[in-house]
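Sequence lines set the chain letters: A, B, ... in the order given, protein chains first and strands last, and positions in each chain run from 1.
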Amino acid sequence: MARDLLKDFHQTAISAEGPPMTEVILRRFLQAILVVFAMSLFVFVGIYGIGNPVDLLVPEDMGPAARAEIISHLGLDRPLYIQYLTFLGNVLQGDFGNSFVYNTPALQLIMSRLPATLELAVAAMIISTIFAVPLGLWAGLRPKSISGRSIMVGSILGFSLPTFWVGLILILVFSIWLGWLPSSGRATGTVFGIETSFGSWQGIQHLLLPAFNLALFKLALIIRLVRAGVIEAMQMDYVRYAFAKGVSDRRVMLVHVLKNIMIPVVTVIGLELGTVIAFAVVTETIFAWPGTGKLIIDSIYQLDRPVIVAYLMIIVALFVFINFTVDMIYLILDPRARARMVGTA
Amino acid sequence: MTAEPVLTVDNLQTHFFTRAGVLKALNGVSFSVEAGRILGMVGESGSGKSVTGFSILGLIDPPGRIVGGSVRLKGQELVGLPWAELRRIRGAKIAMIFQDPMMTLNPVLTIGTQMAEAIQSHEPVSRETALARARDALGLVGIPSPEERLAAYPHQFSGGMRQRVAIATAFLNHPDLIIADEPTTALDVTIQGQILYETQRLCRERGTAMIWISHDLSVVAGLADEICVMYAGCIVERGSVDAVIDDPRHPYTRGLIASVPSRNRRHQRLAQIPGMIPSLLELPPGCPFRNRCELADGACAEPPFETREGGRAWRCIHPVSLRARAIA
């Protein structure tokens, strides 16, 4: 450890460029594995402490012999550390165990639901970004105008209205009154051999309402972030200097200001994408969207440990991956980040 | 004195309408600059030097506004010109160099992009052409291997190098006038000397007029042809550098000169001007300097008029001079 630190120190001291990119990626990968491992341990022990799944799984009128057989079949009769080590050994072979409830491989169960949640989350983030950046830009440039203030009031609504209520209102207006969009379910079409909602017009119709519902909160968040960034950037010397060079208003906004504020915006979009994936459960429930949100809630109620642990490990891996992608985008947006990130990663 | 001035500023007034009241940043500023000449503008912080520069370019942000006077560039009136028209003048006919080179270049754009856009905003040339001109300009201000530096970002440059970039950018479109707002204040002395020399040389070679804003009287004395001394939004004295430095008429100018440390007056207490610049929110009537001036009397409660003599002018009813001091 001390050796490593010393090596790090020398590397940063000797070359301003820092270690090569492959080393950074490798180190990130090892960190990710460590995080996922720690996560699995916490969850495993935590669920063990909450309660015994057998009490929920086994009907009360079942005899003690049958009950004991189920317990030993699930491996719940062994000490916790043995259970965990067995689990770890299986995970290394790609086996996350079978669901206590469905008796199918937990990983398979999650993977059958994950695409639906992923496309919902991605669609929500795309919707919120597409609307929020121009609105925030406008509100930041004209903070005192009626339109600018209206955007801010709207964003407060986006923050404070509960997701489930907005979801119900969306169904009421667009499905029941106007009859434009379906109120629930998911439809898919095949594009490039992948089955996805984006593959057919019907699929997109099904996706629109839940995606917008999920997007609303993020929309409000990004509007505020962009607006604050624009107001701050407009007071920077480099904006004034760009004007003094005779650069057009349009170019100052879209190149000088926007490129600078994209740095915090990309961070937040990345982090929020993770939380949207992890917390889409309310929207998924209202729109009967067959995603992982519903699955994980049911699994928690039934203490279906293999599913919960596998799900959380996948989510953690996703978070790490998204963070890494955000860092990569940083490198494109912010030239100063290059030396900094490579130096500290 | 016979040449037609490039820039004529006449009775320029810029006020800031703040919640606390009207802040009179400029109260009737008048001066002119001729081609190839350098006008030094000195004064302490808050005297209105920078506001003068930004007012000329029409870059005063609300709640500030030019409320009166005129700015003429080669006969063309700039005050009241629409933003779009002013944009065509900014960077093309009047360029500006800012004080802090660390803050003025956009951190996320390459030097090449930031220089090329200064050209492409005014001329329909290709990016390649613009970059080629930017490269030549960088070479001209002494930046080594300019071709590679075009692809670099501001954080890869030192402060002095960044200011050279700003100077090269200012000269890109062969402007009639360059306004330099304390461009060497943030740099160390050896770099400052080099920058001063380069700028002076380029102005002379190209016949570009320049307004050099500084709080450092010794820099202006060595660089400028003419000098304007600003105090509380007014030019209290102007004239050739030699006349003003050797024989100041306004007590404030004399105070400024006396407060510059000098080799001849070692081991003596440095003279200082007592008191502070008055608040621009509530300027007293009459001479704004009178509460700090040892020569002030009841007559100073009247607004001072401008006295002109030869090529110089001052705004004081009790002017001092070397001769007067010799008698006293």
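The two atoms that bring B/Ser121 and A/Gly246 nearest to each other are CB-O, 3.5 Å, heavy atoms only.
Each of B/Thr113, B/Leu57, B/Leu59 has some count of heavy-atom pairs under 4.5 Å with chain A, and the biggest count is that of B/Leu59. Highest contact tally toward chain A, considering only B/Gly58, B/Ala170, B/Pro175, B/Pro107, is held by B/Pro107 [criterion: heavy-atom pairs under 4.5 Å].
Side-chain contact between B/Glu117 and A/His256: present, with at least one pair of heavy atoms (C-beta onward) separated by less than 4.5 Å. Side-chain contact between B/Gln114 and A/Tyr238 is absent, with no heavy atoms from C-beta onward closer than 4.5 Å. Residues B/Thr169 and A/Tyr241 have side chains in contact (heavy-atom distance under 4.5 Å, counting atoms from C-beta outward).
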Subject >> Full working for side-chain contact (heavy atoms from CB on, under 4.5 Å) between A/Val239 and B/Asn106 >> reply: CA-CA 8 Å; A/Val239 166; B/Asn106 194 322; over 6 Å; no
Original post:
Would B/Phe54 and A/Arg240 satisfy side-chain contact (heavy atoms from CB on, under 4.5 Å), going step by step from the backbone distance to the final call?
Top reply: CA-CA 10 Å; B/Phe54 286 116; A/Arg240 208 175 224 214; 2.9 Å; yes
**OP:** With side-chain contact (heavy atoms from CB on, under 4.5 Å) as the test, would you mind laying out the steps for B/Met96 and A/Lys245 before giving the verdict?
**Re:** CA-CA 7 Å; B/Met96 190 153 179; A/Lys245 285 192 294 189; over 6 Å; no
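With a 4.5 angstrom heavy-atom cutoff, B/Ala84 does not touch chain A via any of its atoms.
Proximity to chain B among residues 123-151 of chain A is not found for any residue, judged by heavy-atom separations below 4.5 angstrom.
Judged as a side chain to side chain donor-acceptor pair (under 3.5 Å), and not counting sequence neighbours, the contacts of A/Asn213 are A/Thr283.
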